[in-house]
Every structure is written in C-alpha cells, then in structure tokens.
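Remarks on the structure that follows.
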Protein chains: 2
Amino acid sequence: MVMANTIFDILKRNQLSVTDSRKNILELFQQTNGALAHADIEKKTDEQFDRVTIYRTLQTFVDKGIIHTIPTADNSVLYALCKDECTQGHHHDNHVHFICDDCNTTYCLDHVTVPEVSLPKGFNQKRTDVVVSGICNNCN
Amino acid sequence: MVMANTIFDILKRNQLSVTDSRKNILELFQQTNGALAHADIEKKTDEQFDRVTIYRTLQTFVDKGIIHTIPTADNSVLYALCKDECTQGHHHDNHVHFICDDCNTTYCLDHVTVPEVSLPKGFNQKRTDVVVSGICNNCN
DNA sequence: ATAATTTTTGCAACATAATTGCATTTGTTT
DNA sequence: AAACAAATGCAATTATGTTGCAAAAATTAT
C-alpha cells in the first residue's frame with residue numbers, strides 16, 4: 001500500500017481535522033532536518049499560535065505516531081518526525097539520535113540502527129533509545 | 001592509584017567544601033540503588049535543605065563528574081552516581097539505563113555495556129546514552 | 001450551499017519547575 | 001581566633017506545563 005505524504009493526507013489518514021496550526025507545525029517538521037523543541041516551534045511559526053495550542057498539537061502528533069519525543073540528558077523535550085509512521089500507542093523508533101554539543105542541533109540518524117542490548121534476567125525490553133552526543137559534521 | 005571513597009574524601013578530592021547538604025545528598029546517592037530526581041532528594045532529606053540548595057548541589061556534582069544525568073523519554077531529570085568518577089567535563093558513563101514503565105524505577109545496569117555505534121562521516125562521538133524501557137525484574 | 005454538530009483554538013487562571021541576586025551563615029585558611 | 005572565601009536560604013522572577021471554558025473553525029448532515 002502506497003501512502004501519500006502530503007500534509008493533508010497525513011492528517012486525514014490519522015483522522016485529524018485539518019487546521020492551520022497542525023498544517024503549519026507539521027510542515028515545519030518536514031522542512032527541518034532534525035528535532036524541534038516547543039520553544040523552537042513557537043519562534044519558527046512566528047508566534048501565530050498559542051503556547052497551549054502547540055502543546056496540544058505536539059501531544060496529538062505523538063499520540064498518533066506522527067512525531068516522537070527524543071530523550072535528552074538535560075531537561076529539554078525534543079520532537080522529531082517518525083520516518084515510518086508508527087501505529088498509535090505502539091511506537092517503535094529504532095534509529096539513533098545525535099545531539100551536537102556545539103550547535104545544539106539534533107539529528108535523526110536514520111541509517112544507524114539501534115544495536116541489540118541484552119538485559120539481565122527478568123527485565124523485559126519494550127523500547128530502546130540511543131542518544132549520542134558530540135560534534136556534528138557541520139561543526140567539525 | 002587507590003582512591004578512598006568515603007564521602008569526605010570524594011568531596012575533598014573534588015575541591016569542594018564539606019557541607020551538610022553535600023554530605024547528606026551524596027550519602028543518599030550511595031545508599032540508593034538507582035537514580036534520583038530532584039523531588040526524591042527533597043523528600044528523602046526530610047526537606048531540611050532548600051530547593052535551591054539541592055539544585056546547586058546537583059549541578060556542582062554533575063560539573064565535577066560525581067553524578068551524571070540520565071536522559072529520560074518523559075520530561076523528568078534523573079541523576080545517578082558515576083561509578084568511576086569522570087574527569088570534569090569529560091564525562092563517560094558507558095552503562096545502560098533501564099526505566100520500568102510500571103514502578104518507574106530507574107536502574108543503572110552497570111554490567112550491560114553500551115554497544116558501539118558507528119556514526120556517519122564527520123560526526124564525532126563524545127558520549128552515548130542508552131535508555132531501555134520496559135518491565136523490570138521486580139514487576140515481572 | 002447552509003445549518004447543525006463536533007472539534008479545536010485561545011484566553012485566563014493555575015500549578016510546577018528552575019534560576020538569580022543578595023544578605024546571612026557556614027566552612028576554610030591564616 | 002580572626003579574616004577570608006564559599007555555600008546556604010530567602011524572596012523574587014522566569015520558564016514550563018496543565019486545565020476549564022467560551023469562541024472560533026472544521027467537519028458532517030441536510
């Protein structure tokens with residue numbers, strides 16, 4: 001099955017009504033090579049949307065598996081597009097994230113797969129996040 | 001070189017003055033098998049220290065490489081002891097963290113080493129965080 | 001197309017988390 | 001024990017995130 005990837009189709013496919021904020025924020029993710037924080041989105045949409053709307057839009061997208069959160073060692077919450085859309089709730093996002101210590105950009109390294117981790121007995125693995133930090137190819 | 005690991009020695013070795021809050025918080029980490037959030041520390045020290053003091057103590061310990069932060073998928077910031085003390089700034093903490101979806105405990109799986117990740121050209125790796133989530137051996 | 005219905009948005013209020021400046025207290029050095 | 005340096009606690013401030021509800025927008029039915 002071939003799925004269209006226009007913004008409209010993505011929203012429709014996920015049973016979401018097509019609104020300005022959703023269109024704009026989703027477009028922003030498609031144009032961005034990397035991850036975005038709430039504050040980034042606020043700025044880059046020129047503050048045309050309420051903070052609350054952005055929070056809710058992000059949450060909706062996460063719930064639908066359109067974007068995913070990236071764990072970071074500092075406090076910040078980052079979001080990035082899921083390359084292959086995940087089914088609702090069952091999110092699997094098995095690529096490595098890279099955060100540049102210099103320019104602070106976050107990359108989804110889609111071609112670097114997450115290695116297997118063997119856990120001690122009794123531990124049941126659901127999800128693995130790998131976050132590498134260092135200097136990116138731009139800053140090098 | 002053998003390093004003493006009493007609380008006093010750890011503080012001294014890191015050129016930190018020995019204060020009540022630092023002694024208590026460091027002791028708490030040594031007694032805790034796992035990670036602690038700011039709120040945990042506040043509770044477990046019986047609220048004898050100001051919130052701000054705890055923030056500053058944690059930051060100091062991170063700067064000195066005595067503890068490290070753990071990236072989590074949700075927002076929360078967790079801290080855990082570095083097993084081998086890291087040199088200031090150059091932090092390497094190559095074990096896997098496990099977060100239980102059920103009881104929410106975070107484990108430092110010291111014996112599960114972080115697998116090698118090969119990055120694309122131009123990317124320079126400094127640190128790798130692996131966070132596995134699922135069900136722990138207690139909740140299973 | 002228009003009206004009815006559902007969903008989303010923006011505002012206000014609230015709650016929590018984290019940071020900063022400064023006077024006081026505590027720890028360290030002389 | 002005094003002088004000095006560093007850390008603490010308080011108050012104020014900023015940042016971050018949540019909730020309820022009326023108004024606005026989108027979807028569905030007519």
Quiz item: Which residue pairs satisfy the salt bridge (charged side-chain N to carboxylate O under 4.0 Å, His left out) criterion with at least one member in residues 32-45 of chain B, sequence neighbours excluded?
Solution: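 For residues 32-45 of chain B, and leaving out neighbouring residues, the salt bridge (charged side-chain N to carboxylate O under 4.0 Å, His left out) pairs sorted by first residue read B/E42-B/R51.
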Distance in angstrom units between [X] [atom1] and [N] [atom2], rounded:
| X | N | atom1 | atom2 | result |
| --- | --- | --- | --- | --- |
| B/L78 | C/dA18 | CG | C1' | 16 Å |
| A/E47 | C/dG10 | CD | P | 13 Å |
| B/R22 | C/dT26 | CZ | C1' | 11 Å |
| A/Q48 | C/dT9 | CD | C1' | 13 Å |
| B/I25 | D/dA7 | CD1 | C1' | 12 Å |
| A/F49 | C/dC11 | CZ | C1' | 16 Å |
| B/L11 | D/dA7 | CG | P | 11 Å |
| B/D40 | C/dA17 | CG | P | 11 Å |

Self-check item: Shortest side-chain distance from A/D50, nucleotide among D/dT16, C/dT20, C/dC11
Solution: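 Taking heavy atoms from C-beta onward, the closest nucleotide is C/dC11.
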Practice problem: Compare the minimum distances between each of C/dA18, C/dT19, D/dT16 and the side chain of B/H38, then state the nucleotide with the smallest one. | Solution: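 Given the options C/dA18, C/dT19, D/dT16, the side chain of B/H38 is closest to C/dA18.
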Quiz item: Who passes ring pair (Phe, Tyr, Trp, His ring centres under 6.0 Å) against A/Y79, sequence neighbours left out?
Solution: none
Quiz item: Less than 4.5 Å apart, any side-chain heavy atom of A/H97 and any of A/L109?
Solution: no
Practice problem: State, with a plain yes or no, whether a side-chain heavy atom of B/F98 is found less than 4.5 Å away from one of B/S133. | Solution: no
Exercise. Five pairs at each end of the helix from C/dA1-D/dT30 to C/dT30-D/dA1: take the axis at both ends and give me the angle between them to 10°.
Key: 40°
Under the side chain to side chain contact (heavy atoms under 4.5 Å, CB included) test, residues paired with [X] that sit two or more places apart:
| X | answer |
| --- | --- |
| B/T6 | B/F8, B/D9 |
| B/T106 | B/A35, B/I70, B/L78, B/I99 |
| B/E47 | none |

Quiz item: With sequence neighbours left out, what residues match B/Q30 under side chain to side chain donor-acceptor pair (under 3.5 Å)?
Solution: none
Practice problem: Look at all strands and tell whether B/T60 reaches a base, only sugar-phosphate, or nothing, counting heavy atoms closer than 4.0 Å. | Solution: nothing
Self-check item: Touch class at under 4.0 angstrom, heavy-atom based, for A/R56 against every strand present
Solution: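 The residue A/R56 makes base contact.
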Would you mind writing out the side-chain donor-acceptor pairs for residues 52-61 of chain A within the sub-3.5 Å range, not counting sequence neighbours?
from: A/T57; atom 1: OG1; to: A/T53; atom 2: O; distance (Å): 2.7
from: A/Q59; atom 1: NE2; to: A/D63; atom 2: OD1; distance (Å): 2.9
from: A/T60; atom 1: OG1; to: A/R56; atom 2: O; distance (Å): 2.8

Practice problem: State whether A/R51 places a side-chain N or O below 4.0 Å from either non-bridging phosphate oxygen (OP1 or OP2) of D/dT16. | Solution: no
Practice problem: Go along nucleotides 23-30 of chain D 5' to 3' and tag each nucleotide: B for a protein heavy atom under 4.0 Å from its base, S when only backbone or sugar atoms are that close, - otherwise. | Solution: ---SS---
